[in-house]
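Everything on this sheet refers to the single structure shown next.
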Amino acid sequence: MSFYALAVYCATVFVLVAAQDLELPVQTCKRDASDYTSCLRLAMQEAWPNFVAGIPKLDLPPLDPYFLEYQHTEYETGDLRADVTVKNVNIYGLSKITFLAVRPHHSDNAFRLEVDLELPKMLIEGNFKANGAYGALQIGGEGSFNISLEDIKDTWFMEGPVANDIWTLEHFRLTPEIGKMTVWFSDMFNGNEQLNNIALNFVNENWPSLYREMLPFLSKNLDDYLTEVANRIFSKVSFSKTFP
Ligand SMILES: *[C@@H]1O[C@H](CO)[C@@H](O)[C@H](O)[C@H]1NC(C)=O
């Protein structure tokens with residue numbers, strides 16, 4: 001074995017050992033116990049405040065508010081085509097999640113976790129810059145926005161293979177159902193205040209159908225984003241210790 005190979009080998013062993021040392025701040029539940037699913041639900045509910053506070057060792061930032069520095073998205077759904085950049089976004093409300101049910105599915109070399117949850121309220125606020133069109137109507141502008149959401153029900157679908165005692169998510173899907181939504185943005189029509197007010201009224205009167213139209217797209221983008229966030233955490237913890 002060359003010195004280089006040995007160095008790489010030692011570094012790899014060190015990383016693997018280091019990875020096994022970190023643990024999620026969650027009460028564990030034995031998968032062969034008769035109360036496995038209710039145990040997991042309670043464990044998540046009790047551990048949630050630890051996640052909300054953020055876990056620096058696992059690269060998990062605080063979740064309430066959750067801060068998003070920058071996100072660029074190109075929307076193309078239905079009549080809407082838009083290039084949207086949001087900056088300095090704060091998302092409030094995640095600390096109030098109630099976990100309703102957890103459904104774990106273990107197989108030989110994969111794991112899937114479904115989690116039903118609800119939360120009473122969220123507020124998303126930040127800055128944006130947008131360019132595009134809604135049908136024949138040109139959209140463009142920059143400024144601030146906020147979106148308030150109420151009565152949110154959701155199921156998380158987290159799934160992926162387990163190899164070398166590490167769970168690697170391929171998907172983290174969610175499709176939130178929303179009871180009430182109020183949207184505000186400062187300028188979506190290059191300074192035309194009248195048009196902006198018409199658009200705000202339109203969006204706030206028609207949000208259920210607009211949201212339904214955008215959901216597959218949002219869901220896909222959230223999947224990519226959350227899968228990466230979750231893998232930053234799960235790549236650092238032993239699967240068999242987390243789900244014994
Ligand atoms: C959104 O911002 C506007 C303008 O600052 C404000 O009037 C409104 O109350 C805000 N909405 C929420 C839900 O905070």
*When you measure from the side chain of Asn204 to the backbone N and O of Leu200, does any donor-acceptor pair fall under 3.5 Å?*
yes

*Evaluate the side-chain contact (heavy atoms from CB on, under 4.5 Å) criterion for residues Arg103 and Asp116: first the C-alpha distance (whole Å), next the side-chain angles of each, then the deciding distance (0.1 Å), finally the verdict.*
CA-CA 9 Å; Arg103 289 177 297 278; Asp116 295 338; 2.9 Å; yes

*asked:* Does anything in residues 68-95 form a salt bridge (charged side-chain N to carboxylate O under 4.0 Å, His left out)? List the pairs, not counting sequence neighbours.
replied: Glu76-Arg81

*asked:* Could you check whether any side-chain N or O of Trp167 sits under 3.5 Å from a backbone N or O of Phe111, counting only pairs where one atom can act as donor and the other as acceptor?
replied: yes

*Answer with yes or no whether the side chains of Ser238 and Asp165 bring together a donor and an acceptor at under 3.5 Å.*
yes

*With a 6.0 Å cut-off on ring centres, are Trp184 and Phe145 close enough?*
no

_ILVMFWY network linking Tyr70 to Tyr66, side-chain heavy atoms under 4.5 angstrom_ = no

*Are the aromatic ring centres of Phe157 and His105 under 6.0 angstrom apart?*
no

_By side chain to side chain contact (heavy atoms under 4.5 Å, CB included) - contacts of Glu118 (at least two apart)_ = Thr98, Leu100, Lys153

*Could you tell me whether the side chain of Arg41 and the main chain of Phe99 form a donor-acceptor pair under 3.5 Å?*
yes

_Asn231 versus Ser235, side-chain donor and acceptor atoms under 3.5 Å_ = no

*asked:* If I take atom OG1 from residue Thr37 and atom CD from residue Glu114, how far apart are they, to the nearest 0.5 angstrom?
replied: 12.0 Å

*Do Val203 and Leu210 come within less than 4.5 Å of each other through their side chains, counting heavy atoms only?*
yes

_Holding to side chain to side chain donor-acceptor pair (under 3.5 Å), I want the full list of residues that pass it with Lys220, two or more places apart in sequence or in another chain._
Asp224

*What is the minimum heavy-atom distance between Pro176 and Tyr211, and which atoms define it?*
O-OH, 2.6 Å

*Kindly compute the distance separating CD (Glu150) from CD1 (Ile152), expressed to the nearest 0.5 Å.*
8.5 Å

*Linking I/L/V/M/F/W/Y whenever any side-chain heavy atoms sit under 4.5 Å apart, do Ile233 and Tyr225 land together?*
yes

*asked:* Strictly distance-based, threshold 3.5 Å: is any side-chain N or O of Asn164 a donor or acceptor partner for the main-chain N or O of Ile166?
replied: no

*Would you name the heavy atoms of Asn90 and Pro65 that are closest together and state the gap between them?*
OD1-CB, 3.8 Å

*May I ask you to test the Met158-Arg112 pair for a side-chain heavy-atom distance under 4.5 Å?*
no

*Verdict with reasoning, Ile97 to Trp48, per side-chain contact (heavy atoms from CB on, under 4.5 Å)*: CA-CA 8 Å; Ile97 286 182; Trp48 188 239; 3.6 Å; yes

*Do any N or O atoms from the side chain of Asp187 and from the backbone of Gly191 form a donor-acceptor pair under 3.5 angstrom?*
yes

*Do the side chain of Asp64 and the main chain of Leu94 share a donor and acceptor less than 3.5 angstrom apart?*
yes

*asked:* Between Leu117 and Leu222, is there shared hydrophobic-cluster membership here, with clusters defined by ILVMFWY side-chain heavy atoms closer than 4.5 Å?
replied: yes

*Taking the side chain as C-beta and beyond, is there a heavy-atom pair between Asn131 and Ile139 under 4.5 Å?*
no

*Specify the closest pair of heavy atoms between Asn50 and Pro25, including all atoms of both residues, with the distance to one decimal.*
ND2-O, 3.3 Å

*Measure the CD1-NZ distance between Ile178 and Lys180 for me, rounded to the nearest 0.5 Å.*
12.5 Å

_Contact between Glu170 and Pro161 at the side-chain level, heavy atoms closer than 4.5 Å - yes or no?_
yes

*Step by step, work out the side-chain contact (heavy atoms from CB on, under 4.5 Å) result for Phe189 and Leu137.*
CA-CA 9 Å; Phe189 297 93; Leu137 193 61; 4.0 Å; yes

*Is the closest side-chain heavy-atom distance between Leu58 and Val237 below 4.5 Å?*
yes

*Rounded to the nearest 0.5 Å, what's the gap from CE on Met214 to OG on Ser219? Could you check?*
12.0 Å

_Side-chain heavy-atom pair Asn221, Thr73 within 4.5 angstrom cut-off_ = yes

*In Å and rounded to the nearest 0.5 Å, what is the CE to CE distance from Met122 to Met181?*
10.5 Å

*side-chain contact (heavy atoms from CB on, under 4.5 Å) between Leu40 and Tyr36: does it pass, once the steps are laid out?*
CA-CA 6 Å; Leu40 273 183; Tyr36 182 42; 3.7 Å; yes

*Are the side chain of Thr182 and the backbone N or O of Ser148 linked by a donor-acceptor pair below 3.5 Å?*
no

*Using the ring of each side chain (for Trp, its six-membered ring), is Phe239 parallel, tilted or perpendicular to Phe243, with breaks at 30° and 60°?*
tilted

_Between CG on residue Leu63 and OH on residue Tyr92, distance to nearest 0.5 Å_ = 14.0 Å

*asked:* Ring-plane angle category for Tyr75 and Phe217, please: parallel below 30°, perpendicular beyond 60°, tilted otherwise.
replied: tilted

*Quick one: does Lys236's side chain have a donor or acceptor within less than 3.5 Å of a partner on Arg232's backbone?*
yes

_A side-chain contact here means heavy atoms from C-beta on lying under 4.5 Å apart; do Phe234 and Leu169 qualify?_
yes

*Side chain proximity check, Leu174 to Leu226, heavy atoms < 4.5 angstrom*: yes

*Return yes if some donor-acceptor pair links the side-chain N/O of Asn192 with the main-chain N/O of Leu195 below 3.5 Å, else return no.*
yes

*Please report the shortest heavy-atom distance between Gly143 and Ser186, naming the atom on each side.*
CA-OG, 3.3 Å

*Considering non-hydrogen atoms only, spot the tightest contact between Gly141 and Phe128 and give its length.*
O-CE1, 3.7 Å

*asked:* Please find the pair of heavy atoms, one from Thr28 and one from Lys241, that lie closest to each other, and give the distance.
replied: CG2-O, 3.2 Å

